[in-house]
There are 2 protein chains.
Amino acid sequence: MKLSTKGKYGVRALFEIARNYGKGPLAIKEIAERQQISLSYLEQILHRLGKAGIIESVRGPHGGYELARKPVELTIGDVVRALEGPIALSHCLEPGATTDGCYQAEDCVARMVWSKVGEKIEEALDSITFEQLLRQYHGKDREHPAHRKKLVAAGKGAC
Amino acid sequence: MKLSTKGKYGVRALFEIARNYGKGPLAIKEIAERQQISLSYLEQILHRLGKAGIIESVRGPHGGYELARKPVELTIGDVVRALEGPIALSHCLEPGATTDGCYQAEDCVARMVWSKVGEKIEEALDSITFEQLLRQYHGKDREHPAHRKKLVAAGKGAC
DNA sequence: AAAATACTTGACAGATTTAGTCAGGTTTGT
DNA sequence: ACAAACCTGACTAAATCTGTCAAGTATTTT
Ligand code: FES
Ligand code: FES
C-alpha cells in the first residue's frame with residue numbers, strides 16, 4: 001500500500017506548476033531544481049500528465065508547463081490516476097476488466113470488499129484540490145531546494 | 001495502488017477459517033485446496049497472521065488453524081496491516097519514522113495529503129468485519145475450487 | 001535563417017519487490 | 001514409534017520501479 005515515486009514526484013511537481021498559475025509557463029528545469037527531481041525522470045512524468053490533460057506545454061524559449069485548468073478543478077486523485085493508473089485494489093476491478101478469469105458480481109466475496117475500499121480511496125483523493133494545497137502553503141516558503149536535497153541524499157522518507 | 005497477492009490470499013484464507021469458527025481448527029491443506037492457493041506460500045501467509053495474533057495454530061494430527069478472536073472483532077484492516085505492513089502511503093508516515101530524511105509536520109505540503117488519504121483508507125478497511133463477510137456469504141456456496149482453479153489458470157483478475 | 005531553448009519519444013539497465021518453491025525441522029495425537 | 005500437521009529460513013525467477021540516455025521535433029528570439 002505504498003505510493004510509487006511517480007505519484008509523489010508528480011504531486012510535488014504539480015504543486016510548483018500550480019504555484020505559478022497565471023504567471024505563464026514554468027520551465028521543467030526550474031521544477032526539477034526546486035523539488036530536486038531528476039530532470040530526465042521528470043520529463044516522463046510531465047509527459048504523462050500532459051497526455052492526461054492536466055497540464056499544457058509551451059515550447060520554445062521561455063516555454064515550460066502550465067496548468068490546463070484552474071487549481072480548484074484539479075484534485076490529487078486526477079494526478080494519481082494519471083500517474084499510477086486507475087485506482088483498483090484488484091485487477092478485476094479495473095474499468096475495462098473482462099469477466100474472463102474473474103467471478104465478477106455476487107459470487108465473489110472479496111470483490112465487494114476491495115470495491116468498497118477503492119471507492120473510499122477515490123473519495124479521499126478527489127476531496128483534495130490543489131487550490132487547498134496552495135492556500136495551506138500560502139506564505140510558508142521554507143521548502144528550499146537545499147533542504148530537499150539533503151533529504152533526497154538521505155535516501156528514505158521524502159513524500 | 002494495487003494490493004499484493006499476500007493481502008488478497010490472506011483475506012480469502014481467513015474467510016475459510018472464519019467459516020469454520022467454533023468447529024475446531026481447519027487444516028492448511030484444506031484451505032489451500034478450497035481457495036486454490038499454493039500450500040507452501042500459504043504457510044508463509046498464515047505464519048504472519050499467527051504472529052500478528054489473528055489466528056492460532058493447533059499442532060499435531062487433526063491440527064490446523066482457527067481464529068484467535070470472534071469474527072466480529074476481526075477486520076479487513078487487521079489482515080492487510082499484518083500482511084502488507086502498516087498502511088502508509090509514504091515512508092515517512094510509518095509509525096516508527098524518524099525525522100531524519102523527512103520534513104515532518106507543517107513544512108511538508110505533501111505530508112498532509114498522504115496522511116489524510118491514509119486515514120481514510122484505514123477507516124474503510126477497519127469498517128469491514130469478517131462477521132459481515134460471513135453474513136453476506138451465508139447460503140451462497142458457489143465458489144467451488146474447480147471454478148477458482150480455472151480462474152487462477154487464466155492468470156489475471158482473481159481478487 | 002540560425003541558434004537557443006525546451007518539449008517528445010523510446011530504448012535500456014540496475015535495484016528492489018513480489019510470488020512462490022524447497023528442504024528441512026518440530027510438535028503432538030494415537 | 002509413527003504420521004499428521006505446523007514451523008522456519010533460505011533461495012530463485014519474474015515483475016516492477018526508478019531512473020538514465022540519446023536522438024529527435026517544435027517554437028521563438030535575434
Ligand atoms: S518528507 Fe517526510 S513528511 Fe514530507
Ligand atoms: S475474482 Fe474477479 S471479482 Fe473476484
Side-chain angles (χ1 to χ4, degrees), chain A residues 1-10 12-13 17 20 24-33 35-52 54-66 68 80 83-85 89-91 152-153 155-159, chain B residues 1-10 12-13 17 20 24-33 35-52 54-66 68 80 83-85 89-91 152-153 155-159:
Chain A
M1 296 289 281
K2 285 278 186 306
L3 227 56
S4 75
T5 56
K6 268 208 181 71
K8 296 193 277 187
Y9 288 178
R12 278 162 47 195
I17 299 176
N20 214 50
L26 184 61
I28 190 173
K29 195 178 162 193
E30 188 65 26
I31 303 172
E33 266 170 25
Q35 290 288 338
Q36 287 296 309
I37 300 171
S38 145
L39 196 140
S40 311
Y41 194 28
L42 189 54
E43 280 178 347
Q44 262 185 53
I45 294 171
L46 293 188
H47 181 239
R48 281 202 198 202
L49 293 176
K51 269 205 308 190
I54 289 173
I55 54 178
E56 271 164 10
S57 62
V58 177
R59 305 170 82 137
H62 303 298
Y65 288 93
E66 55 194 354
V80 172
L83 293 174
E84 315 240 347
L89 258 30
S90 179
H91 185 274
V152 172
K156 293 280 184 188
C159 68
Chain B
M1 298 287 283
K2 285 279 183 305
L3 226 57
S4 75
T5 56
K6 268 208 182 70
K8 297 193 279 186
Y9 289 0
R12 277 161 48 195
I17 298 176
N20 214 50
L26 184 61
I28 190 172
K29 196 178 161 194
E30 187 65 26
I31 303 171
E33 268 171 23
Q35 289 288 340
Q36 286 295 310
I37 299 172
S38 144
L39 195 141
S40 311
Y41 194 29
L42 189 54
E43 277 179 347
Q44 263 185 52
I45 294 171
L46 293 189
H47 181 240
R48 283 203 196 201
L49 293 175
K51 269 205 310 190
I54 290 173
I55 54 177
E56 270 164 12
S57 63
V58 178
R59 305 172 78 140
H62 304 299
Y65 290 93
E66 55 195 354
V80 172
L83 294 174
E84 316 240 345
L89 259 27
S90 178
H91 186 274
V152 172
K156 293 279 184 187
C159 69

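The sequence lines fix the lettering, A, B, ..., with proteins before strands; numbering per chain opens at 1. Everything numeric here is computed off the predicted structure, so don't read it as measured data.
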Trainee: Tell me which pairs pass side-chain hydrogen bond (donor to acceptor under 3.5 Å, both in side chains) where either residue lies in residues 38-52 of chain A, with sequence neighbours left out.
Mentor: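 As it turns out, the side-chain hydrogen bond (donor to acceptor under 3.5 Å, both in side chains) pairs with a partner in residues 38-52 of chain A, which skip direct neighbours, are A:T5-A:Y41.
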
Trainee: Measure from CD on B:E43 to P on D:dA4 and round the result to the nearest Å.
Mentor: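 Atom-to-atom, B:E43 to D:dA4, this comes out as 16 Å.
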
Trainee: Nearest to the A:S4 side chain among C:dA4, C:dG20, D:dT18, which nucleotide is it?
Mentor: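 Closest nucleotide among those given: D:dT18.
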
Trainee: By the 4.0 Å heavy-atom rule, please label B:G50 as base, sugar-phosphate, or nothing.
Mentor: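 Counting heavy atoms under 4.0 Å across all strands, no contact is made by B:G50.
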
Trainee: Whole angstrom is fine here: how far is it from CD1 in A:I37 over to C1' in D:dT20?
Mentor: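 That distance rounds to 16 Å.
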
Trainee: If you define the side chain from C-beta out and look only at heavy atoms, does anything of B:P25 sit under 4.5 Å from B:H62?
Mentor: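 Sidechains of B:H62 and B:P25: no contact.
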
Trainee: Rounded to the Å, how far apart are A:Y41 OH and C:dA11 P?
Mentor: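 The answer, rounded to whole Å, is 18 Å.
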
Trainee: Is the shortest heavy-atom distance from the side chain of A:V58 to the side chain of A:Y65 under 4.5 Å?
Mentor: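 No, every pair of side-chain atoms sits at 4.5 Å or beyond.
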
Trainee: With respect to the side chain of B:A27, which nucleotide from C:dT5, D:dC6, C:dC7 is positioned closest?
Mentor: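 The answer is D:dC6.
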
Trainee: First locate atom CE of B:M1, then atom NZ of A:K2, and finally report the distance between them rounded to the nearest 0.5 Å.
Mentor: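 If I round to the nearest 0.5 Å, the distance is 11.5 Å.
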
Trainee: Of the listed nucleotides (D:dT28, C:dT21, D:dC21), which one gets closest to any side-chain atom of B:S40?
Mentor: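 Comparing D:dT28, C:dT21, D:dC21 against the side chain of B:S40, the answer is C:dT21.
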
Trainee: In terms of side-chain heavy atoms of A:Q44, which of D:dC17, C:dT21, D:dT20 is nearest?
Mentor: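 Given the options D:dC17, C:dT21, D:dT20, the side chain of A:Q44 is closest to D:dT20.
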
Trainee: Evaluate the side-chain proximity of A:I37 to A:Y9: yes if any heavy-atom separation is below 4.5 Å, no if none is.
Mentor: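 A:Y9 reaches A:I37 side chain to side chain.
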
Trainee: On DNA chain D, check which nucleotide each of A:L42 and A:V58 is closest to and give me the residue with the more 5' one.
Mentor: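 Mapping each residue to its closest nucleotide by heavy atoms, the 5'-most match is A:L42.
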
Trainee: What is the distance, rounded to the nearest whole Å, between atom CD of A:E84 and atom C1' of D:dT18?
Mentor: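 Atom CD in A:E84 sits about 12 Å away from atom C1' in D:dT18.
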
Trainee: Specify the separation, in whole Å, of atom CD1 of A:I28 and atom P of C:dT8.
Mentor: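 Value for this atom pair: 9 Å.
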
Trainee: Is any side-chain nitrogen or oxygen of A:Y9 closer than 4.0 Å to OP1 or OP2 of D:dG19?
Mentor: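 For D:dG19, OP1 or OP2 has a side-chain N or O of A:Y9 closer than 4.0 Å.
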
Trainee: What is the distance, rounded to the nearest whole Å, between atom CG of B:L39 and atom C1' of D:dA4?
Mentor: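 Taking CG of B:L39 and C1' of D:dA4, I get 13 Å after rounding.
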
Trainee: Figure out the NE2/C1' separation between B:H62 and D:dC6, and round it to whole Å.
Mentor: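 The answer, rounded to whole Å, is 15 Å.
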
Trainee: Can a side chain N or O of B:T5 be found less than 4.0 Å away from OP1 or OP2 on C:dG20?
Mentor: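 Affirmative; the distance criterion is met.
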
Trainee: Take atom NE2 of B:H47 and atom P of D:dT8, then tell me their distance rounded to the nearest Å.
Mentor: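 Taking atom P of D:dT8 as the reference, NE2 of B:H47 is at 4 Å.
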
Trainee: Taking side chain as C-beta onward, heavy atoms only, is A:E66 less than 4.5 Å from A:N20?
Mentor: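 A side-chain contact is absent here, since even the closest heavy-atom pair is not under 4.5 Å.
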
Trainee: For A:K6, which contact category applies under a 4.0 Å heavy-atom criterion: base, sugar-phosphate, or nothing?
Mentor: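 Base contact - A:K6 has a heavy atom under 4.0 Å of at least one base atom.
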
Trainee: By nearest nucleotide on DNA chain D, pick out whichever of A:L3 and A:G60 is the more 5' one.
Mentor: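 Final value for this comparison: A:L3.
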
Trainee: Using a heavy-atom cut-off of under 4.0 Å over every strand shown, decide if A:L46 touches base, sugar-phosphate, or nothing.
Mentor: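 Here A:L46 touches no strand at all.
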
Trainee: Strictly below 4.0 Å: does A:S57 bring a side-chain N or O up to OP1 or OP2 of C:dT8?
Mentor: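 So the side-chain polar atoms of A:S57 do come within 4.0 Å of the phosphate oxygens OP1 or OP2 of C:dT8, strictly under.
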
Trainee: For the side chain of A:R59 and the base of C:dT5, is some donor closer than 3.5 Å to an acceptor across the two?
Mentor: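 Per atom types, no contact qualifies.
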
